[in-house]
Enquirer: 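Shown below is the structure under consideration.
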Amino acid sequence: MNHPVLLVIAHGSRDPRHAATVQALVRRAGALRPGLRVETAFLDFNLPSVAGVLDRLAAEGVRDVVALPLLLTRAFHAKADIPAVLRGAPAGLRIRQAEVLGPSPLLLAAVERRLYEAGLTPGDRSTTGVVLASAGSTDPEAIAAIAETARELRRTGWCSVRPAFASAVTAGGLPRTEDTVQAVRAEPGVRRVAVAPYVIAPGRLPDRIAAGAAGADVLAGVLGPSPELARLLVLRYAEALRAPERLAVAAG
């Protein structure tokens with residue numbers, strides 16, 4: 001039996017670290033499902049493009065594809081950009097669009113993994129405030145999802161967890177990383193402040209998060225090709241196969 005191809009769709013970046021990190025994550029996910037064909041495509045800046053990969057798959061006779069947005073929240077790219085490019089797929093391809101990665105307990109585990117790799121220990125939770133710093137969005141659903149992720153992370157035992165945003169487009173009252181670092185430091189019981197980038201790969205906005213973390217005691221790494229993210233990609237693929245109603249493009 002031929003399994004549907006898993007097509008992981010990343011945003012893309014002019015920063016070469018972005019594509020390299022995405023490819024490493026996709027390779028790790030593919031290793032969890034031997035025999036599953038996994039492809040990577042980018043919406044912008046990097047090759048191969050989504051349209052290019054879909055054309056190639058169709059030319060090879062592939063019939064079924066699961067398109068997985070490599071995104072943490074359901075913002076504009078997941079709601080508009082990706083469905084639009086999938087609708088332009090060649091006739092004959094049957095494409096299911098999987099859900100975005102978040103929310104998920106696996107993402108919380110990946111965040112904590114990076115915090116521990118940065119030098120913290122589970123024993124530091126009760127005295128450490130965490131700034132969960134995302135790239136940012138103008139989409140209310142995405143902002144709410146990040147705030148809920150911060151609340152869920154707080155419930156695991158950290159002294160404080162607050163969301164923050166790096167993108168200038170979120171300037172309308174949403175907290176910046178540097179301001180949130182100072183706010184968390186002022187909270188009762190906080191002895192140290194850690195910034196946890198809630199982003200998948202390096203790039204311009206993650207660099208802005210790092211700059212905003214100058215006043216923190218600990219700066220964790222981006223989520224990157226963590227084991228938890230790799231497992232989450234495989235999980236979202238399996239979920240999409242169980243949900244045929246999410247068909248994005250019907251075979252022609």
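It should be emphasised that the depicted structure is a prediction, and the values quoted were computed from it without experimental measurement.
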Enquirer: Could you measure the distance from the CZ atom of Arg125 to the CG atom of Leu153? Nearest 0.5 Å is fine.
Expert: 8.0 Å
Enquirer: Please round to the nearest 0.5 Å and tell me the distance separating atom OH of Tyr116 and atom OG1 of Thr121.
Expert: 7.5 Å
Enquirer: Among Val190, Leu120, Val184, Val161, find the residue that satisfies the side-chain contact (heavy atoms from CB on, under 4.5 Å) test when tested with Val130.
Expert: Val161
Enquirer: Give me the one residue out of Ile146, Ile209, Leu72, Leu205 that meets side-chain contact (heavy atoms from CB on, under 4.5 Å) with Ser134.
Expert: Ile146
Enquirer: Can you tell which of Asp55, Ile82, Ile9 makes a side-chain contact (heavy atoms from CB on, under 4.5 Å) with Val50?
Expert: Ile9
Enquirer: What I want to check is whether the side chains of Glu112 and Thr156 have a donor and an acceptor closer together than 3.5 Å.
Expert: yes
Enquirer: Under a single-linkage rule joining Ile, Leu, Val, Met, Phe, Trp and Tyr whose side-chain heavy atoms are separated by less than 4.5 Å, which residues share a cluster with Phe45?
Expert: none
Enquirer: To the nearest 0.5 Å, tell me how far Arg28 CZ sits from Arg231 CZ.
Expert: 11.0 Å
Enquirer: Can you tell if the side chain of Asp179 reaches within under 4.5 Å of the side chain of Gln182, non-hydrogen atoms only?
Expert: no
Enquirer: Give the intermediate values and the outcome of side-chain contact (heavy atoms from CB on, under 4.5 Å) for residues Val111 and Leu115.
Expert: CA-CA 6 Å; Val111 169; Leu115 286 168; 4.1 Å; yes
Enquirer: How many angstroms lie between atom CG of Leu6 and atom CG of Leu233, to the nearest 0.5 angstrom?
Expert: 6.5 Å
Enquirer: In sequence, state the C-alpha distance, the side-chain angles, and the governing distance for Leu106 and Leu101, and then conclude on side-chain contact (heavy atoms from CB on, under 4.5 Å).
Expert: CA-CA 9 Å; Leu106 287 169; Leu101 301 183; over 6 Å; no
Enquirer: Measuring only between side-chain heavy atoms, which start at C-beta, is Pro225 closer than 4.5 Å to Thr21?
Expert: yes
Enquirer: Honestly curious: do Leu68 and Leu32 fall in one hydrophobic cluster under the side-chain, below-4.5 Å linking rule?
Expert: no
Enquirer: In terms of hydrophobic clusters joined by side-chain contacts under 4.5 Å, are Val222 and Leu25 together?
Expert: no
Enquirer: Looking only at heavy atoms, which two atoms of Ala19 and Asn46 are closest? And how far apart?
Expert: CB-ND2, 3.9 Å
Enquirer: State the CD-CZ distance between Glu99 and Arg236, to the nearest 0.5 angstrom.
Expert: 7.0 Å
Enquirer: Indicate yes or no for a side-chain donor-acceptor contact from Arg162 to the backbone of Val131 under 3.5 Å, with no hydrogens or angles considered.
Expert: no
Enquirer: I'd like to know if the side chain of Asp44 reaches the main chain of His11, judged simply by a donor and an acceptor atom lying under 3.5 Å from each other, with no hydrogens or angles considered.
Expert: no
Enquirer: Run the salt bridge (charged side-chain N to carboxylate O under 4.0 Å, His left out) check on Arg114 and Glu117 step by step: do they pass?
Expert: CA-CA 5 Å; Arg114 296 309 188 216; Glu117 289 173 349; 2.8 Å; yes
Enquirer: Looking only at heavy atoms, what is the nearest atom pair of Ala109 and Glu228, with distance?
Expert: CB-CG, 3.8 Å
Enquirer: If you round to the nearest 0.5 Å, how far is CG of Leu93 from CG of Asp64?
Expert: 8.5 Å
Enquirer: Any idea which heavy atoms bring Ala110 and Ser226 closest together, and the distance?
Expert: CB-OG, 3.7 Å
Enquirer: Is there a side-chain contact between Pro227 and Arg113, using heavy atoms and a 4.5 Å cut-off?
Expert: yes
Enquirer: Kindly indicate whether the side chain of Lys79, heavy atoms from C-beta on, has any atom under 4.5 Å from the side chain of Asp139.
Expert: yes
Enquirer: Any Lys/Arg nitrogen of Asp207 or Arg204 sitting under 4.0 Å from an Asp/Glu carboxylate oxygen of the other?
Expert: no
Enquirer: Counting only heavy atoms not in Arg14 (residues, nucleotides, ligands), do more than 12 fall under 6.0 Å from its CZ?
Expert: no
Enquirer: Side chains of Tyr237 and Pro4: does their closest heavy-atom pair fall under 4.5 Å?
Expert: yes
Enquirer: Do Val62 and Leu86 land in one hydrophobic cluster if side-chain heavy atoms of ILVMFWY residues count as linked below 4.5 Å?
Expert: yes
Enquirer: Identify the two heavy atoms, one from Ser49 and one from Gly52, that lie closest to each other, and give their separation to 0.1 Å.
Expert: OG-N, 3.0 Å
Enquirer: Please check this pair: side chain of His18 against backbone of Gly12, looking for a donor-acceptor N/O pair closer than 3.5 Å.
Expert: yes
Enquirer: When you look at Arg96 and Glu239, which way does the salt bridge (charged side-chain N to carboxylate O under 4.0 Å, His left out) test go after all the steps?
Expert: CA-CA 10 Å; Arg96 297 176 179 88; Glu239 290 171 345; over 6 Å; no
Enquirer: Are any of the side-chain heavy atoms of Leu54 and Ile95 separated by less than 4.5 Å?
Expert: yes
Enquirer: Going through the checks in order, is the side-chain contact (heavy atoms from CB on, under 4.5 Å) test met by Leu107 and Leu229?
Expert: CA-CA 7 Å; Leu107 288 173; Leu229 250 66; 3.5 Å; yes
Enquirer: Do Arg154 and Glu148 sit within salt-bridge range, that is, some charged N less than 4.0 Å from a carboxylate O?
Expert: no
Enquirer: Can you name the nearest heavy-atom pair linking Ala75 to Ala142, along with the distance?
Expert: CB-CB, 3.9 Å
Enquirer: Please answer: with hydrophobic residues joined when any side-chain heavy atoms are less than 4.5 Å apart, are Val234 and Val22 in the same cluster?
Expert: no
Enquirer: Measuring only between side-chain heavy atoms, which start at C-beta, is Ser104 closer than 4.5 Å to Leu232?
Expert: yes
Enquirer: For residues 191-200, dump all side-chain donor-acceptor pairs below 3.5 Å to protein atoms at least two apart in sequence or in another chain.
Expert:
from   : atom 1 : to     : atom 2 : distance (Å)
Arg192 : NH1    : Thr127 : OG1    : 2.9
Arg192 : NH1    : Thr128 : OG1    : 2.9

Enquirer: Does any pair with a residue in residues 214-226 pass salt bridge (charged side-chain N to carboxylate O under 4.0 Å, His left out), and if so which ones, sequence neighbours excluded?
Expert: Arg185-Asp217
Enquirer: Side-chain contact, heavy-atom cut-off 4.5 Å: Ile143 with Phe165?
Expert: yes
Enquirer: For Glu141 and Arg74: C-alpha separation, side-chain torsions, deciding distance, then whether side-chain contact (heavy atoms from CB on, under 4.5 Å) applies.
Expert: CA-CA 7 Å; Glu141 181 182 353; Arg74 272 183 46 79; 3.5 Å; yes
Enquirer: Write down the atom of Ala166, the atom of Arg208, and the distance for their closest heavy-atom approach.
Expert: O-CD, 2.9 Å
